[in-house]
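Step one of this worksheet: look at the structure below.
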Amino acid sequence: MEIHHDKHHAAYVTNFNKALEGTAAEGKTIEEIFKNISKYPVAVKNNGGGVYNHSMFWTVMKKNGGGVPTGAIANAIKSSFGSFEDFKTAFNNAATTRFGSGWAWLIVNGGKLSVISTPSQDNPLMDIAESKGTPILLLDVWEHAYYLKYQNRRPEYITAFWNVINWDEVNKHYLVTK
Ligand code: MN3
């Protein structure tokens with residue numbers, strides 16, 4: 001995680017700032033940029049996604065996290081997926097089956113929760129996203145996220161993620177969308 005944060009995430013920040021220079025995206029918020037991402041150079045998309053996705057990723061994890069969510073997010077998961085277990089199955093499936101590098105997401109769109117995955121550093125707030133929505137939980141499934149500890153065993157990394165989720169933070173992200 002240290003290398004992930006200090007090297008990979010840091011490189012996206014450096015390269016995003018470089019990619020923004022001289023474009024119309026300079027001075028705009030990252031959400032505004034994502035809404036029109038198809039109009040910008042691909043380096044803005046790739047590195048901007050890398051910045052946003054990792055920045056959010058660190059917030060949805062904590063030491064000794066995990067367990068079963070409570071509060072508004074718990075009810076929303078139940079009404080959208082039937083049960084927490086059914087939601088877990090859907091999320092695990094999205095994270096496991098994303099071919100190559102990408103992310104698994106829990107997103108909100110029109111009050112409804114859904115699980116999706118995106119390739120590369122794409123983000124569901126981008127105009128090019130196949131499934132759009134506001135992200136409230138995400139998991140990095142690039143090999144760089146798990147290779148040092150789990151080598152090729154992505155499913156073990158996904159299983160371990162459930163023990164570090166910061167549900168209070170996910171709940172906060174959810175409440176903002178209401
Ligand atoms: Mn990463």
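All heavy atoms count here, side chains included; hydrogens, waters and symmetry mates do not. Whatever order the structure lists ligands and atoms in, that order sets their numbers, starting from 1. This one's a predicted model, so the numbers in the text were calculated from it and none came from an experiment.
Within the structure, no pair that satisfies the ring pair (Phe, Tyr, Trp, His ring centres under 6.0 Å) test touches residues 109-130, not counting sequence neighbours.
Around the Mn ion (ligand 1), protein atoms of type N, O or S found under 2.8 Å number 4.
The ring-ring contact (aromatic ring centres under 6.0 Å, His included) with H144 is formed by just one residue from the set W142, Y146, Y147; it is W142. If you run ring-ring contact (aromatic ring centres under 6.0 Å, His included) between F91 and each of W162, F81, W105, F84, only W162 comes through.
The number of heavy-atom neighbours closer than 6.0 Å to CD of E2, taken from other residues, nucleotides and ligands shown, is 12 or below. Surrounding NZ of K39 are at most 12 heavy atoms belonging to other residues, nucleotides or ligands under 6.0 Å away.
Residues H54 and W103 place their aromatic rings such that the two centres sit under 6.0 Å apart.
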